[in-house]
There are 2 protein chains.
Amino acid sequence: MAVTIKDVAKAAAVSPATVSRVIADNPRISEDTKRKVRETMKHLGYYPNFQARNLVIQKTQTIGIIMADSATLAFQNPFFPEVLRGISSRAHESQYGLYLSTGATTEEIYEEVISMTQGKRVDGIILLYSRIGDKIMEYLYNSNIPFSVVGRPDVHTESISYVDNDNVGNSYEVVNYLIGLGHQRIAYVGGGLEYVVSLDRLKGYRKAIEKEAISYDPELIVNQSISTGLEEQSVRRLMQLDQPPTAIVTHDDLIAYELISYLQDMKIDVPGDVSVLSFNNHSLSEHLKPPLSTVDISIYELGLHAAELVLEKIKDREAPVREVTVPSRLIERGSCRSL
Amino acid sequence: MAVTIKDVAKAAAVSPATVSRVIADNPRISEDTKRKVRETMKHLGYYPNFQARNLVIQKTQTIGIIMADSATLAFQNPFFPEVLRGISSRAHESQYGLYLSTGATTEEIYEEVISMTQGKRVDGIILLYSRIGDKIMEYLYNSNIPFSVVGRPDVHTESISYVDNDNVGNSYEVVNYLIGLGHQRIAYVGGGLEYVVSLDRLKGYRKAIEKEAISYDPELIVNQSISTGLEEQSVRRLMQLDQPPTAIVTHDDLIAYELISYLQDMKIDVPGDVSVLSFNNHSLSEHLKPPLSTVDISIYELGLHAAELVLEKIKDREAPVREVTVPSRLIERGSCRSL
DNA sequence: CTGAAAGCGCTTACAG
DNA sequence: CTGAAAGCGCTTACAG
């Protein structure tokens with residue numbers, strides 16, 4: 001079959017141990033034999049077998065990436081590829097590979113995580129979401145497996161490495177911005193309340209509202225499950241309120257445009273009648289009409305740091321837990337107007 | 001450390017061989033001992049070590065996924081997550097894992113492919129693109145490694161399993177549709193000419209044009225590299241032609257909307273002044289203004305079959321090469337008008 | 001129906 | 001500076 005370390009050893013007239021040491025660039029091996037061995041490796045087309053190597057060193061040099069159920073819309077969202085690009089970049093730098101969860105349901109993914117960690121397929125895990133009462137995170141936490149989370153964990157927050165934006169702060173700032181433009185009736189269309197990011201943003205929203213002594217009106221809140229699209233009906237309900245919103249904050253650019261299309265169907269102009277503000281800064285948002293005011297949350301950086309954090313834990317299990325906050329910035333474009 | 005097959009054997013008072021056979025559900029083991037062993041496995045929390053298992057059976061149960069350089073815009077595009085979803089689904093069904101390339105440049109990715117295949121990290125490869133003169137495909141082909149391609153290979157076409165749309169046909173149909181609407185000056189904004197899909201679509205375009213004895217005008221062709229966005233300047237050039245196009249075919253919805261935004265900047269109305277037609281049917285395209293007429297190319301199916309094809313090759317290296325054509329359909333919306 | 005032994009392709013103390 | 005040997009955690013002929 002493939003050429004092994006033994007073949008190289010024989011051809012180079014050294015022992016397999018020596019070949020192994022040459023691969024590891026062990027300083028105790030003379031330059032002469034290194035050269036000789038490397039030549040025959042090249043000549044024979046030798047490539048080390050990871051499985052064998054990993055088995056003995058008890059590592060895999062790979063990181064498992066767990067996303068929420070792939071059946072969801074989250075997949076349509078550019079968030080995933082972009083965060084992956086950040087992760088890839090950092091992982092590649094340290095010669096780590098990426099292993100992806102393939103399950104479609106929460107249960108399947110849970111099984112996968114157990115099997116990939118227990119079965120030593122990966123050295124650590126990046127959780128691409130933070131959800132309330134998540135079994136997978138709980139398992140990871142209890143098993144003392146190196147992992148990091150994109151998003152603030154709702155429990156054990158102090159003992160888990162994670163990367164996040166300042167979601168409460170961002171949301172506060174954004175709502176405050178709208179208030180500054182003269183808006184008082186501000187709706188919030190968020191992701192499902194099982195996600196910590198949604199809860200945090202809702203908290204920031206509320207803080208900003210109440211600071212101005214505007215009363216918090218639950219009617220103005222739509223919590224759209226992340227797996228379905230935005231429902232036209234929710235938008236309709238919102239706009240048919242006795243006091244409809246004059247501004248809407250939403251959690252993703254794609255959702256924002258879907259929202260805007262429903263508003264247009266109802267002959268409601270953006271930003272003429274209603275201002276819309278969003279998160280994620282999709283590459284398209286500057287080109288569409290209206291150009292969307294949105295918060296850039298540095299998705300690539302999120303991925304980069306998530307990788308950095310697991311890597312730290314993998315390299316040293318006693319490494320201190322770290323929390324990284326990645327910057328966000330509001331990009332003002334044309335979808336909001338002052339009253 | 002972790003509990004191994006030996007621990008289970010000891011606890012269940014059988015040999016490691018027997019435990020191994022129980023895991024494999026070998027029919028020669030009595031139901032009695034199977035039950036006993038399974039219980040102690042459960043009790044001890046045993047999970048098989050993949051590395052060890054894979055080392056002896058000489059398989060990995062994982063598929064490597066190679067995308068074009070991650071530095072590109074292709075990543076912003078929903079194509080990648082959607083095709084991945086299709087692949088995941090099929091892979092999960094057969095209990096195969098997914099291993100992702102992380103390199104940012106062609107050269108890095110090439111090195112990775114060699115190391116993941118030679119180093120036995122994966123059993124097979126899915127190439128997510130087909131490019132002219134691609135070194136990676138050439139290597140895969142020559143090394144007799146199981147692989148499949150999303151997109152028609154430009155060489156060895158008969159000896160490689162791949163899945164594709166009928167790109168020539170689709171493009172022909174689409175251009176023909178525009179001609180049917182009365183258009184004669186039809187521009188084509190395609191991806192880079194290094195991709196077979198772009199070449200094929202251009203071929204279909206040309207066929208449709210020439211069938212009507214409309215002369216092929218190179219001025220109407222823009223071949224945008226896939227890694228950069230569409231350049232405003234190219235659009236400007238197109239529209240400042242002596243005889244500017246009345247319709248534009250473009251290769252991706254996101255690009256189409258970027259194009260449309262440039263046209264709007266130039267006070268050119270879509271579809272009033274120019275019709276626009278695209279490929280990929282992004283989930284957003286029905287919601288935006290104008291709703292985009294686009295070709296749905298069944299991206300999910302593309303992934304599904306790509307996985308199916310490698311799996312066939314992995315399971316049986318002598319399995320016949322197959323070519324799968326996935327259906328496409330033109331979705332007429334509001335971005336084209338008849339002259 | 002079950003076990004002892006060899007082996008997958010590596011690494012790494014230990015010895016020299 | 002290098003080698004022989006043991007071992008990582010499994011599987012699988014071979015034997016009984």
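Here is how names work: the chains are called A, B, and so on, in the same order as the sequence lines, proteins then strands, and each is numbered from 1. Computed over heavy atoms, backbone and side chain alike; hydrogens, waters and symmetry mates excluded.
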Given atom [atom1] of [X] and atom [atom2] of [N], what is their separation to the nearest angstrom?
{"X": "A/Asn54", "N": "D/dG9", "atom1": "CG", "atom2": "P", "value": "13 Å"}
{"X": "B/Asn49", "N": "C/dC10", "atom1": "CG", "atom2": "P", "value": "17 Å"}
{"X": "A/Arg35", "N": "D/dT2", "atom1": "CZ", "atom2": "P", "value": "12 Å"}

Strictly below 4.0 Å, N to O, side chains only: are [X] and [Y] in salt-bridge contact?
{"X": "A/Glu82", "Y": "A/Arg85", "value": "yes"}
{"X": "B/Arg35", "Y": "B/Asp32", "value": "yes"}
{"X": "A/Asp154", "Y": "A/Arg131", "value": "no"}

Determine: side-chain N/O of [X] to OP1/OP2 of [N], distance under 4.0 Å, yes or no.
{"X": "A/Arg53", "N": "C/dT11", "value": "yes"}
{"X": "B/Ser30", "N": "C/dT2", "value": "yes"}
{"X": "B/Tyr47", "N": "D/dC10", "value": "no"}
{"X": "B/Gln58", "N": "C/dG9", "value": "yes"}

Would you classify [X] as touching base, sugar-phosphate or nothing, given that sugar-phosphate means primed atoms plus P, OP1 and OP2, and contacts are heavy atoms under 4.0 Å?
{"X": "A/Ile57", "answer": "sugar-phosphate"}
{"X": "B/Thr4", "answer": "sugar-phosphate"}
{"X": "A/Val14", "answer": "sugar-phosphate"}
{"X": "A/Arg28", "answer": "base"}

Query raised in the report: A/Glu323 and A/Thr325: side-chain hydrogen bond (donor to acceptor under 3.5 Å, both in side chains), yes or no, with the steps?
Result: CA-CA 7 Å; A/Glu323 178 223 318; A/Thr325 302; 3.1 Å; yes
Tell me which nucleotide among [options] gets nearest to the side chain of [X].
{"X": "A/Ile5", "options": "C/dG9, C/dT2, C/dC10", "value": "C/dC10"}
{"X": "B/Thr18", "options": "C/dT12, D/dC10, C/dG3", "value": "C/dG3"}
{"X": "B/Leu55", "options": "D/dG9, C/dC10, D/dT2", "value": "D/dG9"}

Query raised in the report: Under the ring pair (Phe, Tyr, Trp, His ring centres under 6.0 Å) test, which residues partner B/His156, sequence neighbours left out?
Result: B/Tyr141
Report task. Please work out whether the ring planes of B/Tyr110 and B/Tyr139 are parallel, tilted or perpendicular, with thresholds of 30° and 60°. Result -> perpendicular
Query raised in the report: Using atom P of each nucleotide, how far apart are D/dC10 and D/dC14 to the nearest Å?
Result: 24 Å
Query raised in the report: Would you find a donor on one side and an acceptor on the other, under 3.5 Å apart, between the side chain of B/Gln61 and the backbone of B/Gln95?
Result: yes
Report task. Write out the stems for DNA chain C, ordered by first number and formatted as range with range, counting runs of at least 3 consecutive Watson-Crick or G-U wobble pairs under 3.5 Å. Result -> C:1-3 with D:14-16, C:5-12 with D:5-12, C:14-16 with D:1-3
Requested in this report: By nearest nucleotide on DNA chain C, pick out whichever of B/Ala13 and B/Val56 is the more 5' one.
Outcome: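 Final value for this comparison: B/Ala13.
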